[in-house]
Every structure is written in structure tokens, then in C-alpha cells.
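These notes concern the structure reproduced below.
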Protein chains: 4
Amino acid sequence: MMIEIDFDSEVPIYTQLVCQIKKGIALGSLAPGEPLPSVRNLASDIGINLHTVNKAYKQLVGEGVVIQVKKGYEIAKKTPPDISEAYLKVMMQQIDNLVVDAMVFDLDILDLLKKSKTKLEGEMPRD
Amino acid sequence: MMIEIDFDSEVPIYTQLVCQIKKGIALGSLAPGEPLPSVRNLASDIGINLHTVNKAYKQLVGEGVVIQVKKGYEIAKKTPPDISEAYLKVMMQQIDNLVVDAMVFDLDILDLLKKSKTKLEGEMPRD
Amino acid sequence: MMIEIDFDSEVPIYTQLVCQIKKGIALGSLAPGEPLPSVRNLASDIGINLHTVNKAYKQLVGEGVVIQVKKGYEIAKKTPPDISEAYLKVMMQQIDNLVVDAMVFDLDILDLLKKSKTKLEGEMPRD
Amino acid sequence: MMIEIDFDSEVPIYTQLVCQIKKGIALGSLAPGEPLPSVRNLASDIGINLHTVNKAYKQLVGEGVVIQVKKGYEIAKKTPPDISEAYLKVMMQQIDNLVVDAMVFDLDILDLLKKSKTKLEGEMPRD
DNA sequence: GTGGTCTAGACCACT
DNA sequence: GTGGTCTAGACCACT
């Protein structure tokens, strides 16, 4: 599992971490039940503070995609987890904004989306 | 042009303003060349600080959808404006994250997107 | 609103804070919509770190009894808020343990509970 | 005597052990004077570290519900045992918090308590 | 002045 | 070795 953090990004590090781990889950490189690296290990690997990793893990637990067990954190077994109403609302808001942006800049949002999907599938590991 | 601000939202007010104005442009209620309300007027109309309006206008100028002229700000005439590489990169990042979220939560992103488009078109004023 | 923290207790400070604020809500000394002290003010008042206050506030938000608005945190207007299934499960577990303890030590749990209620009502401010 | 441990619970294993054994005492499946399984046996039965069992037993001794004898540990003969002031204080604190939570979430604490009692009595073995 | 993010580092509980 | 709690302090975004 490769984690890539852009330290110059305006997106908080813990948010980037959350996205990267969900990407791992979506692509199947992180399997249900698989343990996540320990908070301290991942922090020192990436070169960030352990609190930052912890915040990301806690958020993933809140979203239901990661669970906390005695020995640490692991990918939730239930897939897909229930999505909260609040989270879905935020997603819809983001989609609305993207649609508006696409109209303003005359971009084909459906096309961009399909490209994104294709790119992601290309990163999927073969069995 | 109706501007709706949610003061309790976690989304910064200036960001909401930017989105609302772009929505006006996308829907055609703000035409190319049309002047925007003065910073002071809009600020007192909405009941926010004038720095907040200014920040929103400046961002819209940076995105190329608004231009600053002698007497104030107006919607750029060229439609669609050129999208900056940086902004496109941000958009693609958002799309990637949405696609991943949709995979993780087993949502049909294409369907959500089409619903958003239909909703938006429904808000479009008739000629 | 008086906040009392026992620094020698094994109960984490942020948990004590959560309980104290909920007590304030239950007793009516914290009214719906009322703003909470700022994270930094409360922290310096009590003499603890601002992160500790923040953690307590975040938990209260998660429980739905506090909401976060632009200018800070305030008591949620909707009372009572919906209780989450997970939280209710924890409560039932605690009750079960209390019932067992009462049986083992031959205490009248109903009586203890009524005393607690009476004591609490005694602390309620009169109109 | 059945011991059920939830290894994924956030409740420490030794705490769960303490509760389970007190439940056995309350229900009468563990009689006064009855020997407890040896630390090593119970640990290997449950599949946990023997330090964990030891910690649970020591806590039960501290609470006066278990005594340590030459050949090991056994249920105290005197029933009910004296409850320590410290322990009673902790119990009252828990009750206070439950009462507050019930007020905040508009739950009928007396009803919940009665349900818990009924459930427990239902688990009681018949003579 | 409000909260958010992040760091560096300490001590503790659980197993 | 795992996460939890807490501190002290810094810089930043929003208004």
C-alpha cells in the first residue's frame, strides 16, 4: 500500500491520508479485515506526527470503513458500509459544485468522470 | 440574482459566495458583461463583512469568470473563460475522490451526477 | 455554569467535561442555542490544554447535543437530540453492570437512582 | 460458569472478566466459597494472557467479592461483601451520569433499569 | 478573537 | 508494541 502525501497542498494531511486509504480499499489493495499500519509506524514512515495519523484513522472509523480492535485498526469487514446522511449531503454538494464548474468552464463533466474511473481501474492490481 | 448563504455551514462564506455566483453564471441569470453588485452593497445586503465579499470577487477574477473594471466588477465577456491548469487539477482531484467514495460506499456516481444536472436545469430561467 | 474537574480522577478530563456540560443541559443552566465558552477561554479558565476542551466539544457535537457554528460552539436547539444506537448500547451495558453490582453488594439500585434524581433536581435553578 | 469475552470491545478484557464473574455471583451460578478456576487454566481456556486474568482476580479481591486462599482464589463466603466507600462513590458517579444522559436524551431511566433487571432474572438458573 | 491543523514529546493502560 | 490522554506551543484561515 503506497501512501502519497503532498505537503504543499492546501488539503490537510489527515484528509489526504483518509482519501489515500479509501482509494486503497476501493482498488482492493486493502482487503476487508486487513490490519492498518500502527499509528506510530505510519507516522514515522510518512514523516508526520502520530496525532495526524490518528485523526485520519478516527475519521475512517467514523465513516465506517475502518474499525478499531484491541490490537489496532483494520479495514471493516462489511463492504460497503452504510453511508451517513450528513456525508451523502456533503457529497451531493460537491457534485453540484462540480456540475456548475463544468457548465461555467464548458467542460464535459461526464467525460472527466469516466476518465477518472478508467484511470483508477488501471491502477487496480490484477489477480 | 438570489444569493443564499448558510451561516452555520462549515463551508467558508466567501466560498459559498463564489459558488453561488458561478451558479448564476451557469444558469444564465448572470449574463456576460453584467456588472456585479458593489462590494459594499452586496456585503450589507447579505449582512457580512465587506472583506468577505472582496475575497470572493478576487477569487472569481483569479478563475477568469469575473473581471475588474473601473467602476467595479463584472461577469467576464468571454464564455467560457480559460480554465487554469491549477484549477483543473483541483477539479480532477475532487472527481477522483468522489469516484473513490462512490466505489467504497457502492454508490452510482453517474446517477448522482445526472440527478444533480437535472436539478440544476430545473432551476434555469426560461427565455 | 460551573465546571468541576477532578484532576486526580481516572476518568479522562475530556470525559468529565462532557458530563459536566450535559449536566448543565439537563438542569437547564445551559439553554438551547446558548453559546459555549470558546475553546481557549474554557481551557485557560479550567487550567487545561485547549486540545482537551476541543476533544470534549467534538464529542458533544458527535452526540448531537452541541452544534458548531461559525462563531464557535453552542447548545443544540433540538432537544432531545436523537440518540445513536451505539450510544444506547453502551448505556444499556452500563445499566446491566450497575444492576449486577447492586445484586452482588445487596444495594437497592432503584433507591440509589431515585436519590440521584432528587439530588439533581435539587441543583436545578428555580425560575 | 460461562465466560464471554468480546475481544473487539473497547472495554478492557480484565474489566469484562470482572463483570462476568460478578454476574455469575449475582445470578447464583458462582456460590459463596466456590473456588475459581486457576489463573493459568482460565487464561488458557479463554485464550488470553495470564496477567490479564490475574489483574481481574486482584480487582475482585479488592472489591471483597473474591478472596485469595492457599490453593488459589474463591468466591467470598460473606454475601453480600462490604462495599468500599471508594467503589460506592464510583457507582454513584455512574448513576448520576446515567440520570443526566437520560434527561438529555429524554429516556426513561427507570424503565431501562427494570428491563435490565428482568433480563438478568431471566438468565437465572432454576433450583 | 474564533476554531483548525500540526508538531514534539511525555506518561499511561492494555496485553 | 499497541493506542489513549494530555501538554505547550506554533502557524493559519475566517471574519
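Residue numbers begin at 1 in each chain, while the letters A, B, ... track the order of the sequences.
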Inset, instruction - Would you tell me if any nitrogen or oxygen in the side chain of C/Gln68 comes within less than 4.0 Å of OP1 or OP2 on E/dG4? - result: yes

Inset, instruction - Tell me, with the steps shown, if D/Val65 and D/Ile25 meet side-chain contact (heavy atoms from CB on, under 4.5 Å). - result: CA-CA 9 Å; D/Val65 297; D/Ile25 296 170; 4.1 Å; yes

Inset, instruction - For A/Val11 and for C/Val69, find the nucleotide of DNA chain E with the closest heavy atom, then tell me which residue's nucleotide is more 5'. - result: C/Val69

Legend entry - Secondary-structure stems for DNA chain F, with pairs counted as Watson-Crick or G-U when both distances are under 3.5 Å and runs at least 3 long: E:1-14 with F:1-14

Inset, instruction - Locate the shortest heavy-atom distance separating D/Tyr14 from D/Thr52; write the atom from each residue and the value. - result: CB-O, 3.6 Å

Inset, instruction - Return the value, rounded to whole Å, for the distance between atom OH of C/Tyr73 and atom C1' of E/dG1. - result: 15 Å

Inset, instruction - Name the residue closer to the 5' end of DNA chain E, choosing between C/Ser38 and D/Thr15 according to the nucleotide with the nearest heavy atom. - result: C/Ser38

Legend entry - A/Lys55 vs E/dT5: side-chain N/O to OP1/OP2 distance below 4.0 Å: yes

Legend entry - Nearest-Å distance for atom pair CG/P, residues B/Leu17 and F/dC14: 13 Å

Inset, instruction - Quickly work out the A/Lys71 NZ to F/dG1 C1' distance and round it to whole Å. - result: 14 Å

Legend entry - N or O in side chain of C/Tyr57 less than 4.0 angstrom from E/dG4 OP1/OP2: no

Inset, instruction - Could you work out which one of E/dG4, F/dG3, F/dT7 sits closest to the side chain of C/Ile13? - result: F/dT7

Inset, instruction - Can you tell me the distance, in whole Å, between the CG atom of C/Leu36 and the C1' atom of E/dT2? - result: 13 Å

Inset, instruction - Would you check if there is a donor-acceptor pair between the side chains of B/Gln20 and B/Gln16 at a distance under 3.5 Å? - result: no

Legend entry - Heavy-atom closest pair, residues B/Asp6 and B/Asp8: OD1-N, 2.9 Å

Inset, instruction - Report the residue (C/Thr52 or B/Tyr14) whose heavy-atom-nearest nucleotide on DNA chain F is the more 5′ of the two. - result: C/Thr52

Legend entry - Integer-rounded Å distance: E/dC14 C1' and D/Asp8 CG: 15 Å

Inset, instruction - Measure across D/Ile21 and D/Leu30 and return the closest heavy-atom pair with its distance rounded to 0.1 Å. - result: O-CD1, 3.6 Å

Filtered N/O pairs between nucleotides 9-11 of chain E and protein, under 3.5 Å:
from, atom 1, to, atom 2, distance (Å)
E/dG9, O6, A/His51, NE2, 2.5

Inset, instruction - Kindly say whether B/Val100 contributes a backbone atom to a donor-acceptor pair with the side chain of A/Lys23 at under 3.5 angstrom? - result: no

Inset, instruction - To the nearest Å, give me how far apart NZ (B/Lys58) and P (F/dC14) are. - result: 17 Å

Legend entry - Side chain C/Glu34, main chain C/Ala31, donor-acceptor under 3.5 Å: yes

Inset, instruction - Quickly work out the A/Glu10 CD to E/dC6 C1' distance and round it to whole Å. - result: 16 Å

Inset, instruction - I would like to know whether A/Ile13 and A/Phe7 meet side-chain contact (heavy atoms from CB on, under 4.5 Å); could you show each step before the answer? - result: CA-CA 7 Å; A/Ile13 294 174; A/Phe7 292 96; 3.9 Å; yes

Legend entry - Shortest non-hydrogen contact between D/Gly64 and D/Ala76, atoms and distance: O-CB, 3.5 Å

Legend entry - N or O in side chain of C/Asn54 less than 4.0 angstrom from E/dG3 OP1/OP2: no

Inset, instruction - Let me know, please, whether B/Ile48 or C/Gly47 comes out on the 5' side of the other along DNA chain F by nearest nucleotide. - result: C/Gly47

Legend entry - For atom CD of D/Gln16 and atom C1' of E/dA13, their distance in whole Å: 15 Å

Inset, instruction - Side chain of C/Pro12 only, please: which of E/dT7, F/dT5, F/dT2 is the nearest? - result: F/dT5

Inset, instruction - Return no unless some side-chain N or O of A/Lys70 is found under 4.0 Å from OP1 or OP2 of E/dT15. - result: yes

Inset, instruction - Salt-bridge test for D/Glu63 and D/Lys22: reply yes if a basic N is under 4.0 Å from a carboxylate O, no otherwise. - result: yes

